[in-house]
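The basis for the numbers below is simple: all heavy atoms, side chains too, and nothing from hydrogens, waters or symmetry mates.
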Amino acid sequence: MGYAVVLGEALVDLLDAEHDGEPVYRQAIGGGPLNVAVGVARLGGDVQFVGSLGDDVLAGRIRAFLGNAGVGLAGAVTVPAPTALAVATFAGPEPDFRFYGEPPSYGLLTADDLDADLVAGAGVLYCGSIVLLQPPVLAAARRAWSLATGLRVFDPNVRPRLLDGPAALAGLREVVAEFAAGAHLVKLSTADAALLYPGEPVEGVAAYLRELGAATAVVTLGAAGAVVATAGADPVRVPAPKVRAVDATGAGDSVMAALVADLLVDGEPVEPAGWHERVAFALRVAGLVCESAGGATAMPTRAEVLRRFAD
């Protein structure tokens, strides 16, 4: 199915760490959509990153990192802003992010910046994550959604610290409904589901996303696996493999990357069992990511996944 377009943010993560007994921050290239793009490339897919990058040294490092990972940059634009930072601290394997940069470098892509032919020619278009909280990028994502002729996938990748009160949450919920209505695949984490639809069981959230219009909905549950809702079947729980998790950064993004990579190769599964098999593989990808520190740098190749879970 050709190539994927991933529209979203790229930034620099500062990861809480320790060196010689002193607290330090380890620099890493990050951003959920960037992780997805790198993950697709590592799994053998052709992928283009679309987004706004700053005009500083850190942005140069992001461009170099993406290029070395095999991610195309034909749709990336340079904006006059310092690269946004995400400071991550850990109380366990799950990171807690706080974001710095105003306006954020990733929030300056406009609808006019889009390469319409690049977007329209994609076999898979990914939109989502924190860029949708920025009006210019939301407008760009809406235009991309309307231009897409291939499969459309969506991941809200909610960051509660960026939501300024109940009104912002309600607005995001409306955006999720808007994009889900035209999506072939929607992925949420259990944290996303709990924030957007408090009190609802994950099976109910997955079914609701399908009622909104999504052809398939996946809700990841961390070590418990994922719930998958498809046409013609009740939501099904797919178990995750047992792994030695040290850092969950990028795990959810790797699930989306694996699903996008398989969509590029084989399109949408015809039967629910096909989706269950693909999600099971995606959870193995995520398990391997959790066994290494870092997000984008931990994205594995298909051969590495098959070798790790040979049994």
Original post:
How about Trp275 and Thr216: does a side-chain donor come under 3.5 Å of a side-chain acceptor?
Top reply: yes
Original post:
Is there side-chain contact between Val71 and Val6, with at least one heavy-atom pair below 4.5 Å?
Top reply: no
**OP:** Using salt bridge (charged side-chain N to carboxylate O under 4.0 Å, His left out) as the criterion, list what pairs up with Arg237, not counting sequence neighbours.
**Re:** Glu203
Original post:
Mind checking whether Val255 and Val285 have side chains closer than 4.5 Å, heavy atoms only?
Top reply: no
Original post:
Would you say Val119 and Asp115 make side-chain contact, with heavy atoms under 4.5 Å?
Top reply: no
Original post:
Looking at Gly121 and Tyr3, what are the two nearest heavy atoms and their distance?
Top reply: C-OH, 3.2 Å
**OP:** Would you tell me whether Thr249 and Asp247 have side-chain atoms, one donor and one acceptor, within less than 3.5 Å of each other?
**Re:** yes
Subject >> Results of salt bridge (charged side-chain N to carboxylate O under 4.0 Å, His left out) for Arg278 - residues two or more places apart only >> reply: none
Original post:
Parallel under 30°, tilted from 30 to 60°, perpendicular over 60°: which one fits the rings of Trp145 and Phe154?
Top reply: perpendicular
Subject >> Closest heavy-atom pair and its distance - Ala226, Val218 >> reply: CB-CG1, 4.2 Å
Original post:
Donor-acceptor pair, Arg152 side chain versus Tyr126 backbone, under 3.5 Å?
Top reply: no
Subject >> Any donor-acceptor N or O pair under 3.5 Å, side chains Arg61, Thr83 >> reply: no
**OP:** Using the side-chain contact (heavy atoms from CB on, under 4.5 Å) rule, pick out the option among Asp113, Thr78, Leu109, Val131 that qualifies with Ser52.
**Re:** Leu109
Original post:
Which pair of heavy atoms, one from Ser254 and one from Met299, lies closest together, and at what distance?
Top reply: CB-SD, 3.6 Å
**OP:** Work out which heavy atom in Ala257 is nearest to a heavy atom in Val36; give both atom names and the distance.
**Re:** CB-O, 3.5 Å
